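To start, the structure under review is shown below, and the notes come after it.
These figures come from a predicted structure and were not determined experimentally.
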Amino acid sequence: MINSEEPQERRHHHHHKRKKRTALKVILIILGLFIVAGGVFAAKVYYDVNQTANKIYKPKGKTQNKRRRNQKVDLKKKTPFSILLLGTDTGELGRTEKGRTDTMIVATVNPNTKETHMLSVARDSRVNIVGADQMGKINAAYAEGGVPMAINTVQAFLNIPIDHYVLLNMKGLEELVDAVGGVTVNNDLDFTYSGHHFAKGDVTLDGPTALKFSRMRYDDPRGDFGRQLRQQEIIKAVLKKATSMNIVTNYDNFLQVVETNMQTDLTLKDIIQIEQGYSSAMNFKTHQLKGTGQMIDGQSFQVMNDAEVSKASAMLRQQLALK
């Protein structure tokens, strides 16, 4: 007697296997689409980042070479290097009138000490403006001769090589903060500025409040030095936010802000090598170079103490592993 249920069971079994195979194919196709989409997205991000890097790239021009041949920076070999941050507060980078650099920060990045030292130089520091053959305020160097004169002047003043620079329109700081979704900084002074109260302690800032936070100086007993500290806090917070994964969803807006407000002699290849080889150095140490206020020829200057300048120079040179 033929068992009529057996073929039905086999048919059911084969049908079940086909369903399994079909489901597996669907899953593989979906996974494949996600992988392809991810690859396309990654490729687009790289393309967009590369385009931005090309647009903001500008060589530092004719500057004095302060390094010996055996001290040449090789990012592949993780050589300690310096970078000069120049912050302007007028117009955008395409302007014909450059204005002065109200923010000047020298950073030395050393993966061996695992530290990045940031030295703020008072904008009214009285120095020899290299190329203009006159004493003046250090923030006038950029207005007189652009990036090359600013770099040469800082190099001569601090007796260190400046390997790279970043020029940032400080008005764009507002847009940068908004582009990264706001930042949280530590505020060491309770104050009110331009209608906004900043309590002491951790404060969360959006673009407009960050700009106010970075500008106040007259109500700060430390004057411009207090403002420098607040600017350093915002810059560090933006860098931290910009390197997080959260910015990926809003990267195009961030790149647009960068294009509008920044220029540098760092290439995309340089930036990638720094990210890969110098991440251990992202422990920030902040310093300020202070002088004494003096009126000279009707102008207010910060006159630096030679011993303090030498001390700051020695600290930076040590970070750069220079003798």
Side-chain angles (χ1 to χ4, degrees), residues 60-61 63-64 66 82-90 98-108 116-170 173 214-218 220-235 284-320 322:
K60 56 186 178 183
T63 57
Q64 297 174 358
K66 296 285 286 185
S82 65
I83 186 165
L84 175 63
L85 173 63
L86 301 168
T88 64
D89 200 24
T90 53
K98 293 189 290 290
R100 297 193 173 199
T101 48
D102 287 338
T103 299
M104 300 186 80
I105 299 174
V106 178
T108 54
T116 292
H117 286 243
M118 297 173 65
L119 174 70
S120 289
V121 180
R123 61 182 186 162
D124 296 338
S125 300
R126 190 169 188 265
V127 301
N128 177 44
I129 308 297
V130 177
D133 297 322
Q134 63 181 15
M135 298 295 289
K137 295 182 179 182
I138 197 168
N139 69 346
Y142 175 72
E144 290 281 340
V147 170
M149 187 174 286
I151 289 177
N152 287 333
T153 298
V154 172
Q155 287 186 145
F157 176 52
L158 294 173
N159 189 31
I160 64 166
I162 296 297
D163 301 309
H164 297 288
Y165 83 92
V166 172
L167 177 66
L168 175 67
N169 171 19
M170 294 303 283
L173 196 63
S214 68
R215 278 181 166 172
M216 193 281 287
R217 63 188 174 108
Y218 291 116
D220 191 324
R222 299 162 298 186
D224 196 47
F225 298 109
R227 181 173 74 163
Q228 290 172 12
L229 290 174
R230 285 188 290 278
Q231 288 175 346
Q232 287 179 351
E233 283 293 311
I234 293 175
I235 290 168
F284 294 97
K285 305 291 183 182
T286 57
H287 313 272
Q288 292 177 302
L289 189 56
K290 300 180 180 180
T292 55
Q294 294 184 28
M295 292 295 295
I296 301 175
D297 296 331
Q299 292 190 72
S300 175
F301 289 94
Q302 286 288 325
V303 178
M304 297 297 160
N305 180 285
D306 289 342
E308 289 299 314
V309 174
S310 295
K311 183 179 177 181
S313 174
M315 180 267 296
L316 295 174
R317 291 183 68 84
Q318 183 179 16
Q319 278 295 301
L320 292 174
L322 301 175

Inset, instruction - Tell me, please, which residues at least two apart from Ser214 pass side-chain hydrogen bond (donor to acceptor under 3.5 Å, both in side chains). - result: none

Inset, instruction - Sequence neighbours left out, what passes side-chain hydrogen bond (donor to acceptor under 3.5 Å, both in side chains) with Gln155? Give chain and number order. - result: none

Legend entry - Residues that Asn305 engages under side-chain contact (heavy atoms from CB on, under 4.5 Å), provided they are two or more places apart: Ala307, Glu308

Counting only pairs under 3.5 Å, give me each side-chain donor-acceptor contact of residues 293-301, with atom names and distances, residues two or more places apart or in other chains.
none

Legend entry - Non-neighbouring partners of Ser313 that pass side-chain contact (heavy atoms from CB on, under 4.5 Å), sequence neighbours left out: Asn159, Ile160, Arg317

Legend entry - Met149/Thr153 under side chain to side chain contact (heavy atoms under 4.5 Å, CB included): CA gap, chis, key distance, verdict: CA-CA 6 Å; Met149 187 174 286; Thr153 298; 4.1 Å; yes

May I have the list of side-chain donor-acceptor pairs in residues 124-136 shorter than 3.5 Å, sequence neighbours left out?
| residue | atom | partner | partner atom | Å |
| --- | --- | --- | --- | --- |
| Ser125 | OG | Ala122 | O | 2.7 |

Legend entry - side-chain contact (heavy atoms from CB on, under 4.5 Å) partners for Gln319, two or more places apart: Thr108, Asn110, Thr113, Glu115, His117

Legend entry - By side-chain hydrogen bond (donor to acceptor under 3.5 Å, both in side chains) - contacts of Arg123 (at least two apart): Asp102

Inset, instruction - Sequence neighbours left out, what passes salt bridge (charged side-chain N to carboxylate O under 4.0 Å, His left out) with Arg217? Give chain and number order. - result: none

Inset, instruction - For Lys60, check salt bridge (charged side-chain N to carboxylate O under 4.0 Å, His left out) against everything at least two apart and list the hits. - result: none

Inset, instruction - Applying side-chain hydrogen bond (donor to acceptor under 3.5 Å, both in side chains), name anything that partners Thr103, two or more places apart in sequence or on another chain. - result: Gln231

